[in-house]
Amino acid sequence: MLRTVIARRFICAAFFPFSSFSERDHDENNSLQIIRNTVQRYKCYFYGSDGYPTKELQSVLNTTVLSALTGFFLGGLAKAVPTIETFKEENQGTLFRNKFEPKRQIQNKIAMNMVKGGLPFAMKLGTICFLFSGISTFLYVYRGRSDPMNHIISGAIAGFIYKINMGLKGSVAGTILGIILGTISGIMTTFVLYITGTELDDVYTAGNKFIVARREKIKEGMKTMTEEKEINLQQIHEQTQKINEQYATKK
């Protein structure tokens with residue numbers, strides 16, 4: 001039966017090739033329309049009416065950048081700490097041209113080890129924090145409330161995605177570890193919010209204040225710069241008119 005259906009489809013495609021392309025185009029248009037509808041539906045979760053990222057999305061970006069910087073510092077520090085001792089052991093009998101040569105080489109090696117150790121750990125920590133915070137924040141906005149379940153679900157999904165390259169066993173292990181860490185994070189977050197008497201929305205707002213203040217200062221600076229340019233252009237225009245009038249009077 002299946003072979004008959006496939007054979008008929010090939011025969012129709014051979015005699016009526018345009019119909020197959022039209023069906024394919026129709027499917028692609030439907031897929032694109034579904035994607036557009038999904039983007040329009042969830043766009044409000046990422047960008048506000050002013051076109052800037054929402055405080056929730058800004059919180060995810062801040063968490064990702066901060067975790068990446070922390071990972072770079074910790075990974076680079078762990079790699080750079082034994083550099084001096086290793087250099088001394090490897091160059092005990094080395095004759096240098098002057099006393100500044102070994103210091104320069106040590107500084108170069110420390111910088112290289114900082115980069116080599118910091119970048120991989122920054123990528124790992126930044127990725128896992130981006131996945132966890134992004135999913136938990138989306139669940140908070142979608143569900144309209146903050147509870148440990150958001151952290152548990154986000155930890156499970158983040159662990160599964162992060163370890164998916166290690167196969168089924170790695171994905172299961174990552175999911176279990178993510179559930180454990182998500183449970184701890186959810187309980188601690190709920191406890192801290194309960195003790196302090198604040199809401200998670202207040203935390204997002206406080207974290208977004210610096211970005212909003214910086215954005216307003218940039219706008220004010222651009223406005224001041226524009227006004228100064230307009231004043232300068234007006235002065236140049238008036239001076240040019242005076243020069244033209246004096247030149248016309250002399251004639």
Side-chain angles (χ1 to χ4, degrees), residues 34-35 37-48 52-79 114 116-212:
I34 292 173
I35 294 173
N37 294 336
T38 305
V39 171
Q40 291 297 328
R41 179 180 179 183
Y42 296 105
K43 187 178 180 180
C44 60
Y45 295 144
F46 303 102
Y47 293 95
Y52 292 105
T54 59
K55 55 188 176 182
E56 292 83 8
L57 179 60
Q58 191 63 52
S59 173
V60 175
L61 297 177
N62 294 341
T63 303
T64 304
V65 172
L66 183 61
S67 61
L69 292 176
T70 304
F72 181 84
F73 177 76
L74 294 177
L77 190 64
K79 187 78 173 178
M114 281 286 293
K116 289 181 180 179
L119 285 179
F121 196 64
M123 291 293 292
K124 292 179 181 179
L125 192 60
T127 302
I128 192 67
C129 288
F130 171 76
L131 293 173
F132 180 78
S133 61
I135 297 171
S136 62
T137 303
F138 179 79
L139 289 175
Y140 165 74
V141 176
Y142 184 78
R143 300 179 65 197
R145 65 177 186 273
S146 175
D147 54 17
M149 187 57 63
N150 294 342
H151 295 261
I152 295 173
I153 296 174
S154 59
I157 297 174
F160 177 82
I161 295 175
Y162 187 73
K163 291 297 184 179
I164 196 171
N165 62 330
M166 299 181 65
L168 182 60
K169 292 183 179 180
S171 300
V172 173
T175 303
I176 295 173
L177 182 60
I179 291 173
I180 296 173
L181 295 178
T183 304
I184 297 173
S185 173
I187 293 173
M188 290 181 62
T189 302
T190 305
F191 179 74
V192 171
L193 292 176
Y194 178 76
I195 293 296
T196 56
T198 58
E199 298 291 337
L200 191 59
D201 189 70
D202 299 332
V203 178
Y204 290 149
T205 303
N208 196 38
K209 281 183 178 179
F210 173 76
I211 303 297
V212 174

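- To the nearest 0.5 Å, atoms CD1 (I152) and CD1 (I179) are separated by 8.0 Å.
- For A122 against A68, the heavy-atom pair with the smallest separation is CB-O, 3.2 Å.
- For the atom pair CG of L119 and CE of M114, the computed distance is 10.0 Å after rounding to the nearest 0.5 Å.
- Although no hydrogens or angles enter the test, the distance criterion places no donor-acceptor pair under 3.5 Å between the side chain of S185 and the main chain of L181.
- Closest approach of S136 and S133 over heavy atoms only: OG-O, 3.1 Å.
- Judged purely by atom type and a 3.5 angstrom limit, S154 uses its side chain to pair as donor or acceptor with the backbone of H151.
- Closest approach of A158 to L131, counting heavy atoms only: CB-CB, 3.8 Å.
- Nearest heavy atoms, T196 versus V192: OG1-O, 2.7 Å.
- Separating the CD1 atom in I180 from the OG1 atom in T175 is a distance of 11.0 Å, to the nearest 0.5 Å.
- Proximity of a side-chain donor or acceptor of N150 to a complementary backbone N or O of G186 within less than 3.5 Å is not detected.
- Listed by first and then second residue, the salt bridge (charged side-chain N to carboxylate O under 4.0 Å, His left out) pairs involving residues 131-144 are R143-D147 (not counting sequence neighbours).
- Counting all heavy atoms, side chain and backbone alike, G126 lies closest to T64 at O-CG2, 3.8 Å.
- For the atom pair OG1 of T137 and CZ of F132, the computed distance is 9.0 Å after rounding to the nearest 0.5 Å.
- Annotation: the span from L77 atom CG to F72 atom CZ amounts to 11.0 Å, rounded to 0.5 Å.
- Residues L125 and I128 come closest through the heavy atom pair O-CG2, 3.2 Å.
- With values rounded to the nearest 0.5 angstrom, S171 atom OG is found 8.0 Å from N165 atom CG.
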So Y162 and K124, side chain to side chain contact (heavy atoms under 4.5 Å, CB included) or not? Walk me through it. CA-CA 9 Å; Y162 187 73; K124 292 179 181 179; 3.2 Å; yes
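- Take Y140 and apply the ring-ring contact (aromatic ring centres under 6.0 Å, His included) test, not counting sequence neighbours, and it matches Y204.
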